[in-house]
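Report on the following structure.
First the proteins, then the strands, lettered A, B, ... as listed; each starts at 1.
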Amino acid sequence: MAGINEAKYMLGESVRMLKSGKVSNLISVIIMGFSLLVLVIYILVTLNVSIIIEKGMEEMCVYVYLEDGVNNSITEDIREKLLEIESVRRVVFVSKDKALEKFREQLGKNSDILEELGANPLPDAFRIQMKPESNASVAMEKIAQAATGWKGVDDVRYGKKWVEKGEKLVKGFYMTGLALGLIVFLSVIFVISNTVRLSILSRRESVEIMKLVGATNMYIQVPFIIEGAIQGIVSSLLAMALLWGVCSFAGRYLPGLGFFRFEGVIGFIILCAFLGSIGSFVAIRKFLKR
Amino acid sequence: MLVYEIMPGEKRIIAGVYHLSKVLGRHFALQDINFQLANGEFVFLVGPSGAGKSTLLRMMYMDDIPDSGQVIMGAHVSTMMKRRNIPRLRRRIGIVFQDFRLIEDRNVFENVALAMKVAGIGITEIKHEMTNILTRVGLYHKRYEFPGALSGGEQQRVAIARAVANKPAVLLADEPTGNLDPMVTRGILELLFKINSGGTAVLMATHDVELVKSFGQRIIYLQDGKIVKDKEMLFRGNLRESISNSRVDHRAKKFTEHSIGEDYDGKRGR
Ligand SMILES: Nc1ncnc2c1ncn2[C@@H]1O[C@H](COP(=O)(O)OP(=O)(O)OP(=O)(O)O)[C@@H](O)[C@H]1O
Ligand SMILES: [Mg+2]
């Protein structure tokens, strides 16, 4: 176990390392910061798009129209049966009056024509929202098939074509996103491990000398681990600052563009500190094992 | 003052190499090497380039392991050596190379202090000892210089100071004068003798037979990985000239007296 003296010296070595490697550290941090920027941009875009998609999915509804003049108990029956279906998240009753009101709102100035009709021609209906994780097109199809035959149901409608298209789009987005994310992640790892490797190579002489005079692996490793952690923190801060700049610029054209929450930023910095130290540890370990 | 004889019973084996063989590439770099080093002994390891001198020393500071046979350094046995114990061995021996191996961005003080720091010695003690150590290698006035600002001879003195900073029982020197001109070589040799006269055993590898012959020390001749001659000496210790200079001898003795009669994995626990 390291004593108090060793601990002090290891810290001293870390400080010395950070000082002596000012320029190369700066370069490393900039390279790593920009690599991380690509990663966080990717994450942020994915998050924003998936929020949009989720909202879109929520809008996808099945309408179950009821026959004219169905009594309350049948209406309740239908509601209960709908709620029993697994993929259903919410069932909202839209009365014919409400529907008319909405229709009138949509028509705006031209709402006069409704007066010509006299009685309300619209039926009562249930609007059914699907659970976001359910396979919407299949689930909607099922509801449609089941509910069509029920007593009191006049018709079931949903935008079949649109839903299927939407789903394909989402799937495509997640697949390419995943592939892209993997590529981005791997290149970040590659860039960082190379940066660490170069930093070790530039210090191989002093590492060899330390081994010769009897330094333990721990004595040699600790400064590298600390340096890695600090590089991780600084480069993640840089990436976040750059991202913030990018976002406030892009936000002018894309209102509603969301940034990471505070916890997300902190989490990312901690993750980068961790990755930095692990990366350094693995690299120096490999070097010492030769 | 005369050279003193080894007293019966005083002689202890502090390093031994037994039936050591090592293959590098497709050839035996070393083949069935046997010799022992007693405490306080000064031994030249002589042989032409490629004879296996560096390889042998590397086995002794356990930078590599023999293919067969074993090396025993104090309590450390190569066949049973665990990786994590190597630093402990290195702190108890000193190693010097032809190319000095100083850290370029650290000054003389810091280079020498490194050996003591890795051994966990407190900074107060390091500062205290440093005055003695650097004075004895004649570089106290240059303690804040960086290696780049020193001559080859001075750099080697720093390297030697670092090697003996932890008062080792054995000093392994691989062609320590290989890069130095004859005048400076002489000075470095004298420094090594001085250190030896304080009780530290020295094993010095060199290809310069002529240089070595004149001193009357034990010489191990190495050729093609085999020991061809091992001239044991009757006398232990010092270069006659430096011995005759009792002032130098006295100082040198004080320099390394702590390591006399002490096993180098001893309780000092460095
Ligand atoms: N890594 C290696 N791979 C293959 N062969 C090696 C290796 N290192 C050394 N050798 C060979 O081992 C033999 C002994 O080499 P060594 O360096 O010990 O000689 P040396 O006596 O120190 O020579 P010099 O006086 O030139 O320093 C040589 O034939 C050399 O070519
Ligand atoms: Mg050699």
**Report entry** Atom CZ of A/Phe190 with >12 non-hydrogen neighbours under 6.0 angstrom
**Finding:** no
**Report entry** Atom pair CG (A/Leu212) and CZ (B/Phe97), whose distance is rounded to the nearest 0.5 Å
**Finding:** 4.5 Å
Query raised in the report: What is the minimum heavy-atom distance between A/Thr216 and B/Pro87, and which atoms define it?
Result: CA-CG, 3.9 Å
Report task. Return the minimal non-hydrogen interatomic distance between A/Ser206 and B/Ile103, and the atom names on each side. Result -> CB-CD1, 3.7 Å
Report summary line: Taken to the nearest 0.5 Å, the spacing of B/Asp105 CG from A/Glu205 CD works out to 10.5 Å
Query - Side chain / backbone / both / neither for B/Ile126 at chain A, heavy atoms under 4.5 Å - result: side chain
Query raised in the report: Considering residues, nucleotides and ligands other than B/Phe146, do more than 12 of their heavy atoms fall under 6.0 Å from its CZ?
Result: yes
**Report entry** Exercise: identify the closest heavy-atom pair between A/Ala215 and B/Val118
**Finding:** CB-CG1, 3.5 Å
Query raised in the report: So, A/Tyr9 side chain and B/Ile123 main chain: donor-acceptor pair closer than 3.5 Å or not?
Result: yes
**Report entry** Exercise: identify the closest heavy-atom pair between A/Arg16 and B/Glu110
**Finding:** NH2-OE2, 3.1 Å
Report task. For A/Glu263, look at atom CD and say whether over 12 heavy atoms of other residues, nucleotides or ligands are found less than 6.0 Å away. Result -> yes
Query raised in the report: More than 12 non-hydrogen atoms from neighbouring residues, nucleotides or ligands closer than 6.0 Å to OH on A/Tyr42, yes or no?
Result: yes
Requested in this report: For B/Arg90 and A/Val213, indicate whether the former's side chain and the latter's backbone hold a donor-acceptor pair under 3.5 Å.
Outcome: no
Query raised in the report: How long is the gap from CG on A/Asn217 to CD1 on B/Ile86, to the nearest 0.5 Å?
Result: 9.0 Å
Query raised in the report: Given the options A/Gly12, A/Ser20, A/Gly214, which has more heavy-atom pairs under 4.5 Å with chain B than any of the others?
Result: A/Gly214
Report summary line: Residues A/Met210 and B/Leu114: closest non-hydrogen pair is CG-CD2, 4.0 Å
Query raised in the report: Should A/Glu13 and B/Arg106 count as an ion pair when the cut-off is N to O under 4.0 Å?
Result: yes
Report task. Heavy atoms only, distances under 4.5 angstrom: which of B/Arg84, B/Lys117, B/Arg162, B/Met116 has the most pairs with chain A? Name it, please. Result -> B/Lys117
